[in-house]
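Below is one structure, written out as structure tokens; comments come after it.
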Protein chains: 2
Amino acid sequence: MAPNRGYIETVFGFVETWETLSDVEAVMKAISLIVAELGFSSFIVTGLPLLNRPLEPLVLLNCWPDGWFERYCSQNYFEVDPIGQNVLATSSPFLWDRAPYRRDKTLSKQMMGEAAEFGLHDGFCVPICSATGWQSAFSFAHDRKIDAGPKELAAAHLLALTAYGRLRVLIGEAPPARRRLTPREREVLVWAAAGKSAWETSALLGISEATVITHLDHIRRKLNAANTTHAVVVALRIGELQPC
Amino acid sequence: MAPNRGYIETVFGFVETWETLSDVEAVMKAISLIVAELGFSSFIVTGLPLLNRPLEPLVLLNCWPDGWFERYCSQNYFEVDPIGQNVLATSSPFLWDRAPYRRDKTLSKQMMGEAAEFGLHDGFCVPICSATGWQSAFSFAHDRKIDAGPKELAAAHLLALTAYGRLRVLIGEAPPARRRLTPREREVLVWAAAGKSAWETSALLGISEATVITHLDHIRRKLNAANTTHAVVVALRIGELQPC
DNA sequence: TTGACTCTCCTAAGATCTTGGGATGGCGGA
DNA sequence: TCCGCCATCCCAAGATCTTAGGAGAGTCAA
């Protein structure tokens, strides 16, 4: 037990100081050090894309080995990546080799083989989901087989959750480009996508149900959608709704 | 740092052994000890009701002071509880006094006053969302003002997530692997995503409207979705629906 | 100042969805 | 053969959404 105490202290030390990290660079450096101490060689923090939308804009931190991210994106590997697909189906952290091959097994194996060539042999993935159901993940990678016990993985879990929270605060102020929906409309639509009724959304936002109904009406008109379900799909397709 | 090490070791010790806890009683005892060591006096682990539904059936562990839970339920306090309402709107842990008063402020303050009489003066709440999108929470309470630093809260956060995962497994409500949609169901859902009503879909597929409604019903149940809009989003997330 | 836009709130009817309960026939595996 | 799953169909009440009108208050820029 004694020899393990080092990284635990490190993680808790990070937890204690992360509020003082004022920019993404600082967070990245801090995380990199801890990730190495936990016995991993690289990592990525990212939201998960839907509808064949690109992965790039959802990435919060990319510390994968040089070239692999570009390869991954250009080949649209997310669609066949068993780890990526498994994150969408679970909310518990898992070791990479526990992720089932869900879709095209040949392509998946080819992808995992390529990943290994880039030094991604094994890993640990922490799914992170927000209140609206959009999922993100903090994935730790290693260039050989991982030999980590429950404590190391728990420390990684805690690190992932804490770091992600801080990153969202730091990055969340990105000024959006020209958009067709107003901020309030987008907010209403996010909750609709999460399955909330107009009444539920009104309670969540602290406004009247009538106002939510009006917002949804405007959304349908702007997006030329037949109903709210269609509006959500259209919004996802044109990037008005980010699964993040 | 030295004086803080006790509870950290305790939490990590729990993380290491929780897989061996084979019944709810054992988990409750283990959690109770750690919660006390972290400086809290009581706690509750529960799912969150929507739409005036009762709270009772969603409770996994209730270690609140005697009588308060009964009072809370009989008065339907969840509807005015700022902590309960805030959990629905956020996914990050928060201290009770950070939760905004969203609705009837008078009733909310009355409720919080009553809670204080029962020994719930302050607390820390960890929202938890599962892969299915249903939200739960692990709420730690204390009978006086909390004096907890980031490390204690981080430990509580980790404890909440780990314990909740184990409870879900033990209670058997662990999200069983999502059943896949049948080809017909997928076909119906594709048209729903395109904004078609049940009647329109029935005409497109050459079947009755009743059949389409039945398919949508089955889809919602399989995907644990609150409504068809939610079902479409879930299906997209888990890859049941391909982008058209 | 005016106009455009946003956010808020309201009523009300009719369409649609949701939920509960049924039923039949076919198909394939144990 | 029996059982489970699939696809199809039906009814009905109640909840929710959709559509069509309206209105007031605030911001911002021309």
Side-chain angles (χ1 to χ4, degrees), chain A residues 175-235 240, chain B residues 49-54 57 79 89 100 102-105 132-134 176-235 240:
Chain A
R178 167 189 301 202
R179 299 231 166 148
R180 304 165 70 180
L181 299 184
T182 70
R184 200 53 155 174
E185 285 165 352
R186 205 169 297 116
E187 206 170 358
V188 166
L189 194 57
V190 164
W191 288 114
K196 306 299 181 194
S197 69
W199 183 88
E200 289 170 326
T201 300
S202 76
L204 286 162
L205 298 181
I207 58 181
S208 82
E209 184 183 1
T211 304
V212 173
I213 291 173
T214 302
H215 283 312
L216 287 171
D217 191 20
H218 292 163
I219 292 166
R220 284 192 300 272
R221 291 172 195 274
K222 285 186 179 180
L223 300 183
N224 205 17
N227 53 36
T228 300
T229 301
H230 194 198
V232 167
V233 174
V234 171
E240 280 284 2
Chain B
L50 286 180
L51 272 173
N52 283 329
R53 291 233 169 82
E79 296 299 319
R102 286 169 177 269
R103 302 173 71 181
D104 189 321
K105 210 166 176 174
T132 56
W134 300 125
R178 255 185 270 254
R179 283 179 295 166
R180 303 214 86 211
L181 300 184
T182 68
R184 201 53 157 173
E185 285 165 351
R186 207 170 294 116
E187 207 170 357
V188 167
L189 195 56
V190 164
W191 288 115
K196 305 300 180 192
S197 69
W199 183 88
E200 289 171 321
T201 301
S202 77
L204 285 161
L205 298 181
I207 59 181
S208 82
E209 184 183 1
T211 305
V212 174
I213 290 173
T214 302
H215 283 314
L216 287 171
D217 191 20
H218 293 163
I219 292 166
R220 283 191 301 272
R221 291 173 195 274
K222 285 184 179 180
L223 301 183
N224 278 322
N227 53 37
T228 300
T229 301
H230 194 198
V232 167
V233 173
V234 171
E240 281 285 0

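Below, chain A is the first sequence line, B the second, and so on; all start at residue 1. In this text, all values refer to a predicted model and were calculated from it rather than measured experimentally.
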Between atom [atom1] in [X] and atom [atom2] in [N], what is the gap in whole Å?
{"X": "A:Arg186", "N": "C:dC7", "atom1": "CZ", "atom2": "C1'", "value": "15 Å"}
{"X": "A:Leu205", "N": "C:dC7", "atom1": "CG", "atom2": "P", "value": "12 Å"}
{"X": "B:His230", "N": "C:dT18", "atom1": "NE2", "atom2": "P", "value": "12 Å"}
{"X": "B:Ile207", "N": "C:dG26", "atom1": "CD1", "atom2": "C1'", "value": "16 Å"}
{"X": "B:Ile219", "N": "C:dT19", "atom1": "CD1", "atom2": "C1'", "value": "15 Å"}

So, OP1 or OP2 of [N]: does either fall under 4.0 Å of a side-chain N or O from [X]?
{"X": "B:His218", "N": "D:dC6", "value": "no"}
{"X": "A:Ser208", "N": "C:dT8", "value": "no"}
{"X": "A:His215", "N": "C:dC7", "value": "no"}
{"X": "A:Thr182", "N": "C:dC7", "value": "yes"}

Taking the side chain as every heavy atom from C-beta outward, state whether A:Asn224 and A:Val234 have any atom pair closer than 4.5 Å. no
Apply side chain to side chain contact (heavy atoms under 4.5 Å, CB included) to [X] and list each qualifying residue two or more places apart in sequence or on a separate chain.
{"X": "A:Ala192", "value": "A:Leu189, A:Leu216, A:Thr228"}
{"X": "A:Glu185", "value": "A:Leu181, A:Thr182, A:His215, A:His218, A:Ile219, A:Lys222"}
{"X": "B:Leu204", "value": "B:Trp191, B:Lys196"}

Smallest separation among heavy atoms of [X] and [Y], with atom names:
{"X": "B:Val232", "Y": "B:Ala193", "answer": "CG1-CB, 3.8 Å"}
{"X": "A:Ala231", "Y": "A:Leu223", "answer": "O-CD1, 3.5 Å"}
{"X": "A:Ala226", "Y": "B:Gly195", "answer": "CB-O, 3.4 Å"}

Note the angle between the end axes of the helix from C:dT1-D:dA30 to C:dA30-D:dT1, five pairs defining each, rounded to 10 degrees. 50°
Please tabulate the protein-to-nucleotide N/O contacts below 3.5 Å involving nucleotides 17-21 of chain D, giving atom names and distances.
residue	atom	partner	partner atom	Å
D:dC17	OP2	A:Ala198	N	3.2
D:dT18	OP1	A:Thr228	N	2.9
D:dT18	OP2	A:Arg220	NH1	2.7
D:dT18	OP2	A:Thr228	OG1	2.6
D:dT19	OP2	A:Arg220	NE	3.3

Salt bridge (charged side-chain N to carboxylate O under 4.0 Å, His left out) partners for B:Glu209, two or more places apart: none
Listed partners of A:Thr211 passing side chain to side chain donor-acceptor pair (under 3.5 Å), at least two apart: A:Ser208
